[in-house]
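Input: a single structure, listed below in structure tokens.
Being a predicted model, the structure only gives us computed values, none of them experimental.
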Amino acid sequence: MLIKTKEDIAAIREGGHLLANIVEELSQEVRPGISTWEIDDLAETKIRAVGGVPAFKGYRGSPKDTPFPGTICASIDNEVVHGIPRKDRILKEGDLFKLDIGMRYKERYTDMARTFSVGKVSREAQKLLDVTRESLEVGVQTIRHGSTVRQYARAVQQYVESFGYGVVRDLVGHGVGHEVHEAPQIPNTIDARTPDFTFQKDMVIALEPMVNIGTWRVDLARDGWTFETSDHSLSAHFENTYAVLAKGVEQLTKA
């Protein structure tokens, strides 16, 4: 169901507020020496403490998929998204750490992601982080009732490519609310295949540019979940859940 009721949006807003607060708390734990498993364990504890359920844990993209084992997707450096939290994945000084997290709360879903610098990072890494965050802000500014996916995608792609970076094309944003992944798909690049879908008031969407320093191309790792940059370059990722308004959007994953 693309259009959400007032009750839907109120519940998603409440869940999004709680989830954003949890991410803010988790950000204080991001430091050299901590494992991604420890952050994942803490994330699940915090989600359940507020009455939520991890949206990603046990998730299958298709019936043939192995269920995702974590509460968060924990991706480092050249890992773009969907990294599996592990006890032997230890954050170190200079890493870019991507934390993607979803929650079911009052039977509605929210989804968000942040890229964190671990200690002091290189200028190159910090610039990538900043440009990725800014590209989401640029894209969001195009969205309102009656605007199109192509307008959003064009804005994100043009901004990112002006810095010489690559926008991941094989992974996209999406609708969210009754499920963690709903229609429509919302790409961050534009080509002949990009749908000219029109946003409508009271749609709820998750927008998430994924940006690589090098090529836009990605490969799926042996674990069947983690996407990595094909050229092993750094990648960054930001995501928020939004409600479409008559003029603009409301960020629902807001602390």
So, are Glu182 and Lys4 salt-bridged, with charged N and O less than 4.0 Å apart?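 Salt bridge between Glu182 and Lys4, a charged N being under 4.0 Å from a carboxylate O: yes.
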Could you check whether Arg31 pairs with Glu29 (Lys NZ or Arg NE/NH1/NH2 to Asp/Glu carboxylate O, under 4.0 Å)?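 So Arg31 pairs with Glu29 through a salt bridge.
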Looking only at atom types and distance, does a side-chain atom of [X] sit under 3.5 Å from a main-chain N or O of [Y], one as donor and one as acceptor?
{"X": "Asp40", "Y": "Ala43", "result": "no"}
{"X": "Thr36", "Y": "Ala74", "result": "no"}
{"X": "Thr142", "Y": "Val138", "result": "no"}
{"X": "Arg144", "Y": "Gln141", "result": "yes"}
{"X": "Lys98", "Y": "Ala113", "result": "no"}
{"X": "Asp231", "Y": "Thr215", "result": "yes"}
{"X": "Ser235", "Y": "Val211", "result": "yes"}

Looking only at heavy atoms, which two atoms of [X] and [Y] are closest? And how far apart?
{"X": "Lys106", "Y": "Ala11", "answer": "CB-CB, 4.3 Å"}
{"X": "Pro32", "Y": "Gly119", "answer": "CD-N, 4.5 Å"}
{"X": "Pro195", "Y": "Val149", "answer": "O-CB, 3.8 Å"}
{"X": "Asn212", "Y": "Arg217", "answer": "ND2-O, 4.1 Å"}
{"X": "Ala155", "Y": "Gly139", "answer": "CB-CA, 4.4 Å"}

Which pairs, with at least one residue in residues 35-75 and sequence neighbours excluded, count as a ring pair (Phe, Tyr, Trp, His ring centres under 6.0 Å)?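 Ring pair (Phe, Tyr, Trp, His ring centres under 6.0 Å) check on residues 35-75 returns Tyr59-His181, Phe68-Trp225.
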Summary of ring pair (Phe, Tyr, Trp, His ring centres under 6.0 Å) pairs that have at least one residue in residues 137-158, sequence neighbours excluded: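 Those involving residues 137-158 do not exist here.
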Decide whether [X] and [Y] are clustered together by the hydrophobic rule: side chain heavy atoms of Ile, Leu, Val, Met, Phe, Trp, Tyr closer than 4.5 Å, transitively.
{"X": "Leu220", "Y": "Ile84", "result": "no"}
{"X": "Phe238", "Y": "Phe227", "result": "no"}
{"X": "Tyr109", "Y": "Leu2", "result": "no"}

Would you compute the distance between atom [atom1] of [X] and atom [atom2] of [Y] and round it to the nearest 0.5 angstrom?
{"X": "Thr189", "Y": "Arg154", "atom1": "OG1", "atom2": "CZ", "result": "11.5 Å"}
{"X": "Ile12", "Y": "His17", "atom1": "CD1", "atom2": "NE2", "result": "15.5 Å"}
{"X": "Ser135", "Y": "Met210", "atom1": "OG", "atom2": "CE", "result": "10.0 Å"}
{"X": "Asp191", "Y": "Arg150", "atom1": "CG", "atom2": "CZ", "result": "7.5 Å"}
{"X": "Asn78", "Y": "Asp219", "atom1": "CG", "atom2": "CG", "result": "10.0 Å"}

Quick one: does [X]'s side chain get under 4.5 Å of [Y]'s, heavy atoms only?
{"X": "Glu7", "Y": "Arg108", "answer": "yes"}
{"X": "His178", "Y": "Asp8", "answer": "yes"}
{"X": "Asp100", "Y": "Ser75", "answer": "no"}
{"X": "Ile143", "Y": "Tyr242", "answer": "no"}

Sole residue of Thr115, Ile213, Asp95, Val121 in side chain to side chain contact (heavy atoms under 4.5 Å, CB included) with Leu234: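 Exactly one option meets the side chain to side chain contact (heavy atoms under 4.5 Å, CB included) with Leu234, and it is Ile213.
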Name each donor-acceptor pair under 3.5 Å that joins a side chain in residues 160-173 to protein atoms two or more places apart or in another chain, with its distance.
residue : atom : partner : partner atom : Å
Glu161  : OE2  : Gln157  : NE2          : 3.0
Ser162  : OG   : Tyr159  : O            : 2.6

Would you mind listing the cluster partners of Phe97? Hydrophobic ones only (ILVMFWY), side-chain contacts under 4.5 Å, chaining allowed.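 Taking Ile, Leu, Val, Met, Phe, Trp and Tyr as members, Phe97 shares its hydrophobic cluster with Leu18, Leu19, Ile22, Val23, Leu26, Val30, Ile34, Ile39, Leu42, Ile47, Val50, Ile72, Ile76, Leu91, Leu99, Ile101, Met103, Tyr105, Met112, Phe116, Val118.
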Qualifying residue for side-chain hydrogen bond (donor to acceptor under 3.5 Å, both in side chains) with Thr253, from Thr110, Asn240, Thr241: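 Per the side-chain hydrogen bond (donor to acceptor under 3.5 Å, both in side chains) rule, the option paired with Thr253 is Asn240, out of Thr110, Asn240, Thr241.
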Considering residues, nucleotides and ligands other than Arg60, do more than 12 of their heavy atoms fall under 6.0 Å from its CZ?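 More than 12 within 6.0 Å, yes.
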Tell me whether the count of non-hydrogen atoms from other residues, nucleotides or ligands lying under 6.0 Å of CD in Glu38 goes above 12.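 Atom CD in Glu38 is crowded, with more than 12 foreign heavy atoms closer than 6.0 Å.
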Salt bridge (Lys or Arg N to Asp or Glu O under 4.0 Å): which pairs involve residues 237-253, sequence neighbours left out?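 The answer is Arg13-Glu250.
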Are Asp130 and Gln126 close enough that a side-chain donor and a side-chain acceptor fall under 3.5 Å?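 Note: Asp130 and Gln126 side chains meet the donor-acceptor criterion.
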Counting only pairs under 3.5 Å, give me each side-chain donor-acceptor contact of residues 196-209, with atom names and distances, residues two or more places apart or in other chains.
residue : atom : partner : partner atom : Å
Glu208  : OE1  : His237  : NE2          : 2.8
Glu208  : OE2  : His174  : NE2          : 3.4

List the steps, then state whether side chain to side chain contact (heavy atoms under 4.5 Å, CB included) holds for Asp77 with Lys92. CA-CA 11 Å; Asp77 288 347; Lys92 64 182 187 300; 4.3 Å; yes
If you apply the rule side chain to side chain contact (heavy atoms under 4.5 Å, CB included), what do you find for Val81 with Val218, and how did you get there? CA-CA 10 Å; Val81 288; Val218 296; over 6 Å; no
